[in-house]
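Computed from a prediction, not measured in an experiment: that's the story for all the values here.
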Amino acid sequence: MSDQKCGCPCSAFSSMTWAASALGLLYVIFMFFEATTIRWWIMLPLALISFILFNIQRGQTSGTEKTLCAWGYWIVLIAFIIHDMCLSGQLVAAYQRLTAAGIPLHG
C-alpha cells in the first residue's frame, strides 16, 4: 500500500471538520423528514455540535478547509433558524386548532 495522498484539497481536512460536516449534513437532511421535527431533542444536539465544531475550525484552519467551515457555520445557523421558525409555526397552528375546537388550554 502506498502512503501517497490524493491531490484533492479535501484529503488534508482534519477529523473535526469531517465530523462537523457529517453532523451538519445529518441535521439538514433530518429537517426534511416530518417525523423528526417532533424530536427536537435529536435535532438540537446535531445542530449545536456541528455549529461549535465549524466555529472552532474556522479560526484554526486556512484555505479550502476554512472556506468549508465558514460556509458550514452559516448553513447550520440559517437552517437552525428556519427549522425553529417552522416548528414554532406548527405549534401555533396546533394551538389554534385546539382552541377553535373548544378545548380550553389555559385558565
Side-chain angles (χ1 to χ4, degrees):
M1 289 177 76
S2 174
D3 287 339
Q4 291 179 333
K5 293 187 176 193
C6 70
C8 66
C10 62
S11 63
F13 286 3
S14 73
S15 59
M16 194 180 297
T17 301
W18 285 111
S21 299
L23 292 173
L25 184 64
L26 271 176
Y27 178 74
V28 171
I29 289 172
F30 283 167
M31 280 179 51
F32 296 104
F33 293 108
E34 189 67 28
T36 56
T37 57
I38 311 284
R39 293 183 178 93
W40 188 243
W41 56 272
I42 292 172
M43 301 291 286
L44 187 60
L46 286 175
L48 185 64
I49 293 169
S50 177
F51 181 77
I52 290 170
L53 291 176
F54 275 132
N55 192 31
I56 290 170
Q57 283 300 100
R58 245 181 8 156
Q60 295 180 356
T61 60
S62 62
T64 308
E65 187 173 3
K66 184 172 185 156
T67 304
L68 173 76
C69 290
W71 275 96
Y73 173 89
W74 287 109
I75 288 171
V76 169
L77 180 64
I78 291 168
F80 178 79
I81 291 170
I82 290 170
H83 187 248
D84 187 47
M85 289 179 357
C86 291
L87 186 61
S88 296
Q90 289 175 357
L91 291 174
V92 168
Y95 176 79
Q96 289 174 346
R97 282 192 305 270
L98 291 172
T99 56
I103 300 171
L105 297 176
H106 48 78

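Using modelled atom types, one side-chain atom of Thr99 and one backbone atom of Gln96 make a donor-acceptor pair closer than 3.5 Å. Side-chain N or O atoms of Gln57 include none that pairs as donor or acceptor with a backbone N or O of Met16 at under 3.5 Å.
Taking both residues in full, the closest heavy atoms of Val76 and Gly24 are given as CG2-CA, 4.0 Å, listed atom of the first, atom of the second, then distance.
The CG atom of Leu44 lies 8.0 Å from the OH atom of Tyr27; values are rounded to the nearest 0.5 Å. The CD1 atom of Ile52 sits 8.5 Å away from the CG atom of Asn55 when rounded to the nearest 0.5 Å. Going from atom CD1 of Ile56 over to atom OG1 of Thr17 covers 10.5 Å, rounded to the nearest 0.5 Å. Separating the CZ atom in Phe80 from the CG atom in Leu46 is a distance of 11.5 Å, to the nearest 0.5 Å.
Between Tyr73 and Phe51, the angle of the ring planes stays under 30°, which puts this pair in the parallel group of the 30/60° scheme.
The side chain to side chain contact (heavy atoms under 4.5 Å, CB included) with Ile78 is formed by just one residue from the set Ile81, Ile82, Ile75; it is Ile82.
Looking at heavy atoms from C-beta onward, Leu68 lies out of side-chain contact with Thr64 at the 4.5 angstrom threshold.
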